[in-house]
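Scroll down for the structure; my scribbles are underneath it.
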Amino acid sequence: MLEITRIREHKDAIIEGLKKRGIDAKLEVEAILVTDEKWRTTLSELQTVQSSSNKISKEIGVLFKTGKTEEANKAKEETAALKAKEQVLKQQVGELEELMKEKLYSLPNVPLDVVPSGVSEDDNEVVEEIGEKVMFDFEALPHWDLAEKHGLIDFELGVKVTGAGFPFYKGKGAKLQRGLINYFLDEAEKAGYSECIPPLVVNEESGIGTGQLPDKEGQMYHVTEDDLYLIPTAEVPLTNMYRDVILPNEDFSIKISGYTPCFRREAGSYGKDVRGLNRLHQFDKVEIVRIEHPDKSLAALEEMVNHVKQLLSSLGLHYRILRLCGGDLGFTSAITYDFEVYSAAQERWLEVSSVSLFETFQANRLKLRFKGVDKKTQLCHTLNGSALALPRIVAALLENHQTTDGVEIPKVLVPYVGFERI
RNA sequence: GGAGAAAUGGCAGAGCGGUUGAAUGCACCGGUCUUGAAAACCGGCAUACCGAGAGGUAUCGGGGGUUCGAAUCCCUCUUUCUCCGCCA
């Protein structure tokens, strides 16, 4: 949610910035400012009324105490009109606030200057491509065939027990998962992130805090009985740890990592996009989250990008980095770098990480602030990134490192999985 | 799941339906004193919003109600604690 003060002061820049997302927000922004103005005048009116009725009440107190009952009763009658007025104004203020919230919630974050404009993924900017396509002198198999051939993943069993998109990992396939998780967590720790195991279900407030709610209910599994949501990413619980928090000074840099399964309903997907590990309803991911001073958030973003690069390089994968265009940018993000690995047998790029800076957009909803030197509270910046999402990494590892009779395990993983090849 | 008790500022802990945004202690910050420190003394010390400012409004777990007036009374929800039940 954008800060209202920012909208008041930089209306035109916001409208201009949002054009990069392919939306013309002029009318919405202006409507917000009108509502804001109305809210302020109504609030001020209400407070004047409250002030005078508070005053009278105090006087009544004194009158009763000094035994002037008659005068007190007379004063009581005076308040009736004020009360009625207060009632009406209070309701108006409430309605305006509701309206305001609704409007603000529906406005996405403003992209940073470097974000290219564009409407679809075709307009994303390739920032860097690292590694080379693997060449095979035999018929390379897609990972679902490799998984079956080597008994690593059982998709059909998942369908039987749960449904499509919930595979079983078995034997070396399961060990590979566990090894990757541990490897990623260890690397995050080396980079200064402290590990956390959060709850896998969250309440509505948390969903709102990070921006999954309202609007994107459909993406999350909702446990209606208890009104809880299965997390679509560890970002939700990890960032919400700091909901309603005021950090005591400006000298902070919070770095958290966490492994969790992630649950996504992904309604509406079909075809080769969802084949094998390409898109699952439940998958594992190690997430890194940062809470930074506004002056330090860009540097943090760069650090996170480098962290992910290092992970992908260490696994010997061919990958590229995209700077998402305005149209492809998530609702809450000001800038996002996507990492895609090349899947040699499917011959397509698979997204394995997404690193984003939200500036104050989430912090505003979260009420996540710090105390500045002048004792004023200010909103923090939040960031997060996948480091990394497992299934597509596994897909790429299997496909890119396959041989005619097995799969080579990257050296860095060998100590984690306990074998050199599958 | 059942029965009971509780929820007040960073912490501890008062609080009568009426000048209580809230006593007191601790912590913290500033000052005096001191060569320096401690002690002692003095002062400050919640959050949000509106306002150029003076100032105002709201907030004592959340929501609602009674009342001219609620931290204080009522209803409801949540959470915590104690006891019972169930359980990896």
### Task
Identify the residue among A/R243, A/H381, A/E235 that makes a side chain to side chain donor-acceptor pair (under 3.5 Å) with A/Q362.
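Exactly one option meets the side chain to side chain donor-acceptor pair (under 3.5 Å) with A/Q362, and it is A/E235.
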
Which whole number of Å gives the distance between the [atom1] atom of [N] and that of [M]?
N     : M     : atom1 : result
B/G65 : B/G10 : C1'   : 33 Å
B/G69 : B/U57 : P     : 15 Å
B/G63 : B/G56 : P     : 24 Å
B/A6  : B/G13 : C1'   : 15 Å
B/G25 : B/U34 : C1'   : 27 Å
B/U8  : B/G61 : P     : 6 Å
B/A58 : B/A71 : C1'   : 14 Å
B/C45 : B/C84 : C1'   : 46 Å

### Query
So what does A/T79 hit on the nucleic acid, given a heavy-atom distance under 4.0 Å: a base, only sugar-phosphate, or nothing?
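The answer is sugar-phosphate, as A/T79 gets under 4.0 Å only of primed atoms, P, OP1 or OP2.
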
### Query
What is the nucleic acid contact for A/T377, judged by heavy atoms within less than 4.0 Å: base, sugar-phosphate only, or nothing?
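Result for A/T377 = sugar-phosphate.
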
Between [X] ([atom1]) and [N] ([atom2]), how many Å, whole number?
X      : N     : atom1 : atom2 : answer
A/K38  : B/C49 : NZ    : C1'   : 20 Å
A/K101 : B/A48 : NZ    : P     : 18 Å
A/E86  : B/G69 : CD    : P     : 8 Å
A/R40  : B/C50 : CZ    : P     : 7 Å
A/L228 : B/U78 : CG    : P     : 12 Å
A/I4   : B/A48 : CD1   : C1'   : 16 Å
A/K55  : B/G18 : NZ    : P     : 22 Å
A/L43  : B/G51 : CG    : P     : 9 Å

Just name whichever nucleotide pairs with [N], Watson-Crick or G-U, keeping both distances under 3.5 Å, else none.
N     : answer
B/G85 : none
B/C26 : B/G10
B/A38 : none
B/U80 : B/A5
B/U47 : B/A58
B/C73 : B/G65

Separation of [Y] [atom2] from [X] [atom1] (nearest 0.5 Å):
X      : Y      : atom1 : atom2 : value
A/T79  : A/E59  : OG1   : CD    : 11.5 Å
A/L146 : A/I422 : CG    : CD1   : 9.0 Å
A/R348 : A/N278 : CZ    : CG    : 5.0 Å
A/T382 : A/F358 : OG1   : CZ    : 5.5 Å

### Query
Under 6.0 Å from the six-membered ring centre of A/F419 and within 45° of its axis: does the NZ or CZ of A/K172 meet both?
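Pair A/K172/A/F419 counts as cation-pi.
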
Counting just side-chain N and O atoms, does [X] come under 4.0 Å of either OP1 or OP2 of [N]?
X      : N     : value
A/S44  : B/C50 : no
A/R369 : B/U47 : no
A/N54  : B/G69 : no

### Message
Nearest heavy atom decides the nucleotide; on that basis, is A/K83 or A/W39 closer to the 5' end of RNA chain B?
### Response
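Nearest nucleotide further toward 5': that of A/W39.
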
### Position toward the 5' end of RNA chain B (nearest nucleotide), A/Q87 or A/I60
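Taking each residue's closest nucleotide, the earlier one in sequence belongs to A/Q87.
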
### A/N203 side chain to A/S206 side chain, donor-acceptor N/O pair below 3.5 angstrom
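A donor-acceptor contact under 3.5 Å links the two side chains.
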
